[in-house]
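Each residue takes its place number in the sequence, starting with 1. Since this is a predicted model, take the numbers as computed values, not measurements. Just so it is clear, the values below take in all heavy atoms, side chains as well, and ignore hydrogens, waters and symmetry mates.
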Amino acid sequence: MLNVFLTDDDEDDRLFFQEAIEDIDIDTKLTLFNDGAQLMDYLNAPNAKLPHLIFLDLNMPIKNGMECLAEIKASEKLKDIVVAIYSTSSSDEDVENTFINGANIYINKPNNFKALKKAIKKVIKINWQYHTSNLNRSTFLLRI
């Protein structure tokens, strides 16, 4: 079973994501967080069950996605977790900054259910051990 986390402050986006992942024929356990502070509190807990993959929104109150990404990649315990940035922002600056800070892939939030399912399925099916060794800018931004 693939342990997946989604951190997003938008309730509609969380529900949309949850419906999409439940609709995909892959055995996953989804855990939802409302903001980056909740996510980091959980990840830094001594007995936390770490996820295989985190979908991380950038624009959140309290602690934003960029701050979470930096903390995750700076932590010996967390640095190997795959992080997929999941954001409405498509600015070159955001894409570049998340790439430099160690995110594994960048996804613009799709505006329809079919595209969202396709994006999630594609990210979940990537063999990250192989993919991470070939990480480059041309494969970083997921285009659906």
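A distance of 5.5 Å separates CG in Leu78 from CG in Asn44, rounded to the nearest 0.5 Å. Considering CD of Gln18 and CD of Glu11, their distance stands at 10.5 Å, rounded to 0.5 Å. The distance from the CD1 atom of Ile107 to the CD1 atom of Ile120 is 8.0 Å, given to the nearest 0.5 Å. Taking CD1 from Ile81 and CG from Leu43, the interatomic distance works out to 5.5 Å, rounded to the nearest 0.5 Å. For the atom pair CD (Glu96) and CG (Asn101), the distance works out to 10.0 Å, reported to the nearest 0.5 Å. How far CG of Leu39 is from OG1 of Thr31: 10.5 Å, rounded to the nearest 0.5 Å.
Remark: the backbone N or O of Ile72 is not paired with any side-chain donor or acceptor of Ser75 at under 3.5 angstrom. Distance alone, capped at 3.5 Å, places no donor-acceptor pair between the Thr28 side chain and the Leu30 backbone. One N or O on the side chain of Asn104 and one on the backbone of Val83 form a donor-acceptor pair closer than 3.5 Å. Within the 3.5 Å criterion, the main-chain N or O of Asn34 finds a donor-acceptor partner in the side chain of Gln38. Checking side-chain atoms of Tyr42 against main-chain N and O of Leu50 turns up no donor-acceptor pair under 3.5 Å. With hydrogens and angles ignored, the 3.5 Å screen pairs no side-chain donor or acceptor of His52 with any backbone N or O of Leu2.
Here Lys109 pairs with Asp57 in a salt bridge; the nearest charged N to carboxylate O distance falls below 4.0 Å. In summary, Asp23 and Lys117 engage in a salt bridge, as defined by a charged side-chain N under 4.0 Å from a carboxylate O.
Annotation for Asn112: atom CG counts as buried by contact number, over 12 foreign heavy atoms lying within 6.0 Å. More than 12 heavy-atom neighbours from other residues, nucleotides or ligands sit within 6.0 angstrom of NZ on Lys73.
Side-chain contact between Asp94 and Ser89: present, with at least one pair of heavy atoms (C-beta onward) separated by less than 4.5 Å. Residues Leu53 and Val123 form a side-chain contact, since some pair of their non-hydrogen atoms from C-beta on lies under 4.5 Å apart. Contact annotation: the side chain of Asn59 never approaches that of Asn64 to less than 4.5 Å [non-hydrogen atoms, C-beta and beyond]. Contact check for Asn111 versus Leu116: no side-chain heavy atoms found under the 4.5 Å cut-off. Side chains of Met60 and Thr7 form a contact here, defined as non-hydrogen atoms less than 4.5 Å apart. Within the 4.5 Å cutoff, the side chain of Cys68 has no heavy atoms near those of the Phe33 side chain.
Between Phe55 and Tyr86, the ring planes lie perpendicular to each other; the angle is over 60°, past the 30° to 60° tilted range.
Of all the heavy atoms in Pro61 and Asp35, the pair that sits closest is O-CB, 3.9 Å. Here the closest non-hydrogen pair linking Asn108 and Ser90 is ND2-CB, 3.2 Å. Taking every heavy atom of both residues into account, Tyr106 and Ser87 meet most closely at OH-CB, 3.8 Å.
Residue Ile26 is grouped with residue Val82 when hydrophobic side chains (ILVMFWY) are merged at heavy-atom distances under 4.5 angstrom, including chains of intermediate members. Taking hydrophobic clusters as Ile, Leu, Val, Met, Phe, Trp and Tyr residues chained together by side-chain heavy-atom distances below 4.5 Å, Ile24 shares a cluster with Ile105.
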Take Phe16 and Phe113, measure what ring-ring contact (aromatic ring centres under 6.0 Å, His included) needs, and give me the verdict at the end.
CA-CA 7 Å; Phe16 197 47; Phe113 192 71; 5.7 Å; yes
